[in-house]
Amino acid sequence: MSNNKAVIMNLLPLIPMFPLIGMIINGLIGKFLPKKLVHLIAITALLASFTTSVIVVSKLVGLPEDSRSVSIEIFKWINVGSFGVSFSFTLDQLSSIMLLVVTGIGGLIHVYSVGYMNGDKSYSRFFTYLNLFIFAMLLLVLGSNMLIMFIGWEGVGLASYLLIGFWFEDSANAAAGMKAFIVNRIGDFGFLIGMFILILTIGNLDFNSIKIAVDSGIITGTVATVATMLFFVGAMGKSAQIPLYVWLPDAMAGPTPVSALIHAATMVTAGVYMVVRLNFLFILAPATMTVIALIGAFTAFFAASIALVQNDIKKVLAYSTVSQLGYMFLGVGVGAFGGGILHLVTHAFFKATLFLGAGSVIIGMHHNQDMRNMGGLKKRMPITHWTMLIATIAITGVLPFSGFISKDEIIWRAFASHNTIIPWINYVLWGLGALAAMMTSFYMWRLYYLTFQSGETRLKDHHVVEHIKESPKSMTFALVVLSFFAIVIGWIGLPHLFYHGKGIFNSFHRWLEPLVSESEAKIHVVHNTGLEWTLMIVVSVLVYISFFWARKWYRKEISVNTKIWAEALKPIHTLLYNKYFVDELYYWLIDKLILQFSHKVLWKTIDYIFIDNIIINGLVAGGSKTLGFLVGLFQTGKLQFYAFVMVAAFFFIFYFMTL
Amino acid sequence: MMPIEPGILEQLGMIIPLLLLVVFASSILLIDVFAESEDRAYLGYLTAFFLFVVLIFVAKDFNNNNVSRQIFHSSIVIDKFGLIFTGIFIIAGILTSLGSIDYLKKYDIAIGEFYSLIMFAITGMSLMVFSTSLMTIFVALELMSLPIYALSGLFRVNNRSLESSVKYFILGSVASSILLFGMVLLYGATGSVNLVTIGNEITTKYTNLKTVLSSDPIIIIGMLMVFIGFMFKTATAPFHMWTPDVYEGAPTIVTGFMSVAVKAAAFATFLRVFGLSFNNDALLHLANGAISNTSWIQVLNILAIATVIIGNLVALNQRNVKRILAYSAIAHAGYLMIGLVGYFITKDPITYSALVLYFLSYTFTGMGAFIAISIFEPKDTNKVMLDDLNGAAYKKPFVAATLAIFIFSFAGIPPMSGFFAKFYLFKSAYVNAGLHIPVIIALIASVFSVYYYLRILVHLYMKKDYGDVDVKDYKTTAGSVIALSIAGFFVLYIGILPDQYITIIKHSFLSLIGG
């Protein structure tokens, strides 16, 4: 038993070490190595990480239930007076799940990248950044205090920035990378202030200390509300929730494996992970929980509605990701922490499959991403087709695929959980969740039919069409493995309606129980089997309706009927197609308010118009044109004005101080 | 209570680093006069070596010297606080002299005066942070400033450089005269130029007579004028207005030195003067607003916030990289001012170490960034526009990669030192000093800073048109490479393992209290 613990403590630091070593090797000398060696190094690093993860998690399972949390201090990072932060890792039920997801899916995406990035001139740089990302993500997941988590949090942001801008000949990529970075900084601002408040209250950032402080009542409801609201601002940025979701769709400018790994499976779920990690703190703040649930539900609905009409295959998946992240937040917001994490896991598999499948399609189509040009790819890319079909069924929520199980739990809990602040809110949350599920089914089947069915490829260039073929083995291998899990992974967390026992089929919830049960118990949940069955059937019916609808519209060549509909719905279509004009609104706000303020008020008015025209030209130059050289100096540099401001400020400050 | 002073030889022994600086600076001048060769690059390496020797002496003193001792009739105190800042100035000096070799060659200004002026300026800075007398402080300030005025006008044929020099000189003189007048008032009110005596005088005179203090404003005016003198040098709003013009006009490498070393010297002296003279109950009551309606801590706070906002927002629209970095330097001065106010409030080792660590981080980051920018500067223009950087990363990958490290450090991204320094500074200001509003505003303002920092990287890496800059302009020799490597290494090292530096800095705090 203690032997298990020792093994974990010995092996745990190695897990992030492997990708770090891979990153250093490829970063320093990757340019001079043959391509084969480059990806061999990167993949070996991930494989080693994954294997070690499997070993430590299996050892963790061997520990008794109440001691399944092992921490190890790597070194004392900072130690200043009362404030100390150690660089330490914790392996517990939650981080073990994330560990397997990150290294497992991460490894498969590394393998996939070998095929996808083949021929790219910056091959080693790509794998360097990927390993960097995994390293940072592992810090985020394993860190046993908020600061280490935050460093990982920033690190994945940095890696994401580097990878979005990977194909940087395109200025759109540069802009997208920058947007991602800046929006995330807004979130980080919340995260930082939240940390400061915790340090102020308990002088510490350890998750354990926070838990102890919560249990002993040092952290009051008010502090918890303020801190958790701020942390959620951080989560909004990283996990792309309203109003900070705008960066994620643009981030699709990066290479597709990056979209799959970072912008679907792992990094963007960090916000959900953080909320669950701090579930004992969030549960103290019902107001924050309500906000989280509402924002999650709205995001799920809003993003799904945008995805209905997009034509770029990656854009559809991007908005779908935003929408699914909304589900996760809806789940944790109503206190279904386990459900949120289960959806995180299932989503990681089916969304990674979808993105990698889309990547395979894009490669096949010679980098054409417009679904209106696709069609009939079923015959040309059979493996991609079948795996995508599986993932589509999974995400739309069809029994027994994984997506159904996790999504159903969230939607049911949204209805059944009692909210103390707004008692009727559960109807709103359920309604938004159910409608979003309906739209999910529609946009996913639209994507499927437009891409793989509906006649023959609509691309005009016959030369390209002839060359469309299935992707190389490295890519299809990852697709097959991921899609297999997209079917079965949900089975570890079957709802109690289907399965009561204590076997593998609900092991997920029992595994997480010690971590979240205390918090989950604080929320009153209605138990009504009949109602649960009814709502499940209602949602399923909605999902099937939109499946048939999408099938009718998009299975064959776009029919006249469809066009009439499209004409009738034109205003809504325009609104959705332009994403509710949110980007334009933000652009206007930033451009008009901040940049213009900076330019016109701070810079132009004060520096140029005011000083140049009024002070210099009016007051100074008027009287001293003859002084030649010196006046020239004063004119260009507004020297006298500067001196004047200094003296004026002196009197101003003096006046205030002695008032 | 004058402490018994050691003998004159021992006293001289204690200021060996300062003496060495003067000797080395003079010998560089002499070597320059008598040297045959036209090429003066070796002077840069020699200066760096000399400074390194001084640094060793400083480090030795730092390790041996556990008691702060006042010498030269209590006008100087040798303590760890002074030594640690001397170390920072010397590091900036080493990086400047190594990084300047290529730059001066590019402009065909291979002159030895550059290096001796740098060393004289460092002498002034070091003397200033060791000073415990108003007289010494003023002389040291001028000893620091005069070489800098000359260095900003180094390009005698370039109008911008000349203008920068004259402008800096005139405004600096205004600031100096305000400072001097403030010192005179303090002397008039207390009858002493010694900081400790002034502090004691204020305490004995006014501790129980708060009303006298408010009706006798000479001390307050004097104090305020002294503060304004330092605010000018630290480029705090509204005394910052010279900064963009001077930073833009001065030779890029000098701008780096100014923005790092001069600023650190002014902040350190600010801290010293405050700690020794104005650190007593009556003035703290004043500080907390017990006497007047607006306390000067509040005034400093407002000025710090204004500095942060102006620096970050105006930088958004600039296209001249030197101007961007100038406004960024103003923003950083604002962050530091928040840290300084935090220290004034708490006076504990945590806020202190946060402040000094920020300087350490900023020294490597700032110097590194300016050296890298100076390499990308098109020949004979003395200005770097964003478009001049287009695609430069593909011509000079190493320089660009280090510049990226410095830019990320400026923006506060881990694992660069800028992240930890900023986190620690804001954490101590927020948590230990309770400066909630300033920290929140500074964090919001620093969100905007990411935009202008990343813009530099976008031009460097993500713009295809390489411009018509000749590759030859980007010439780099060993000096720049060494300087960039040192700076880059320490930016990463401090960022990843900051603890040992904090420990060292905390040692210096103990001596500051004793001084």
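Sequence lines set the chain letters: A, B, ... in the order given, protein chains first and strands last, and positions in each chain run from 1.
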Of the non-hydrogen atoms in Lys76(A) and Asp499(B), which two are nearest, and what is the gap between them? O-OD2, 4.3 Å
Relative to chain A, which segment of Ile440(B) carries a heavy atom at a distance below 4.5 Å: side chain, backbone, both, or neither? both
Which atom pair, heavy atoms only, marks the closest approach of Val458(B) to Met178(A)? CG2-SD, 3.7 Å
Least distance between heavy atoms, Leu158(A) atom then Pro414(B) atom: CD2-O, 4.0 Å
Whether Trp77(A) side chain and Ile496(B) backbone form a donor-acceptor pair below 3.5 Å: yes
With sequence neighbours left out, what residues match Ser152(B) under side-chain hydrogen bond (donor to acceptor under 3.5 Å, both in side chains)? none
Top contributor to chain A contacts, counting heavy-atom pairs under 4.5 Å, from Gly434(B), Ser353(B), Gly412(B): Gly412(B)
Rounded to the nearest 0.5 Å, how far apart are CZ of Phe181(A) and OH of Tyr453(B)? 12.5 Å
Considering only heavy atoms from C-beta outward, does the side chain of Phe448(B) approach that of Ile182(A) to under 4.5 Å? no
Side chain from CB out, backbone as N, CA, C, O: work out which of these in Tyr424(B) comes under 4.5 Å of a heavy atom of chain A, or both, or neither. side chain
As an exercise, state the distance from CG of Leu443(B) to CZ of Phe196(A), rounded to the nearest 0.5 Å. 6.0 Å
Full working for side-chain contact (heavy atoms from CB on, under 4.5 Å) between Ile193(A) and Tyr430(B): CA-CA 9 Å; Ile193(A) 300 282; Tyr430(B) 189 98; 4.0 Å; yes
If you draw a 6.0 Å radius around CD1 in Ile74(A), do more than 12 non-hydrogen atoms from other residues or ligands fall strictly inside? yes
When the 4.5 angstrom heavy-atom criterion is applied to Phe75(A) and chain B, the contacting part is side chain
Contact part of Ala411(B) toward chain A, heavy-atom cut-off under 4.5 Å: side chain, backbone, both or neither? backbone
Tell me, with the steps shown, if Phe408(B) and Tyr161(A) meet side-chain contact (heavy atoms from CB on, under 4.5 Å). CA-CA 12 Å; Phe408(B) 280 127; Tyr161(A) 170 73; 4.0 Å; yes
Worked verdict on Lys422(B) versus Leu192(A) for side-chain contact (heavy atoms from CB on, under 4.5 Å): CA-CA 11 Å; Lys422(B) 205 185 251 177; Leu192(A) 272 172; over 6 Å; no
Among the listed options Phe232(B), Phe420(B), Trp242(B), the residue most often paired with chain A at heavy-atom distances under 4.5 Å: Phe420(B)
Find the one option among His436(B), Lys427(B), Met225(B) whose heavy-atom pairs under 4.5 Å with chain A are most numerous. Lys427(B)
If you count the non-hydrogen atoms of other residues, nucleotides and ligands that lie under 6.0 Å from CZ in Phe169(B), is the total more than 12? no
Checking heavy atoms, do the side chain of Leu147(A), its backbone, both or neither come under 4.5 Å from chain B? side chain
Does any backbone or side-chain atom of Leu454(B) lie under 4.5 Å from a heavy atom of chain A? Answer side chain, backbone, both or neither. both
Within a 6.0 Å radius of atom CE on Met17(A), are there more than 12 heavy atoms belonging to other residues, nucleotides or ligands? no
Need one label for Phe419(B): side chain, backbone, both or neither, based on atoms under 4.5 Å from any heavy atom in chain A. side chain
Sort Pro238(B) into side chain, backbone, both or neither according to what part of it lies under 4.5 angstrom from a heavy atom of chain A. both
What residues, two or more places apart in sequence or in another chain, satisfy ring-ring contact (aromatic ring centres under 6.0 Å, His included) together with Phe230(B)? Phe270(B)
Among Ile221(B), Leu303(B), Val174(B), which residue forms the greatest number of heavy-atom pairs with chain A at distances under 4.5 Å? Ile221(B)
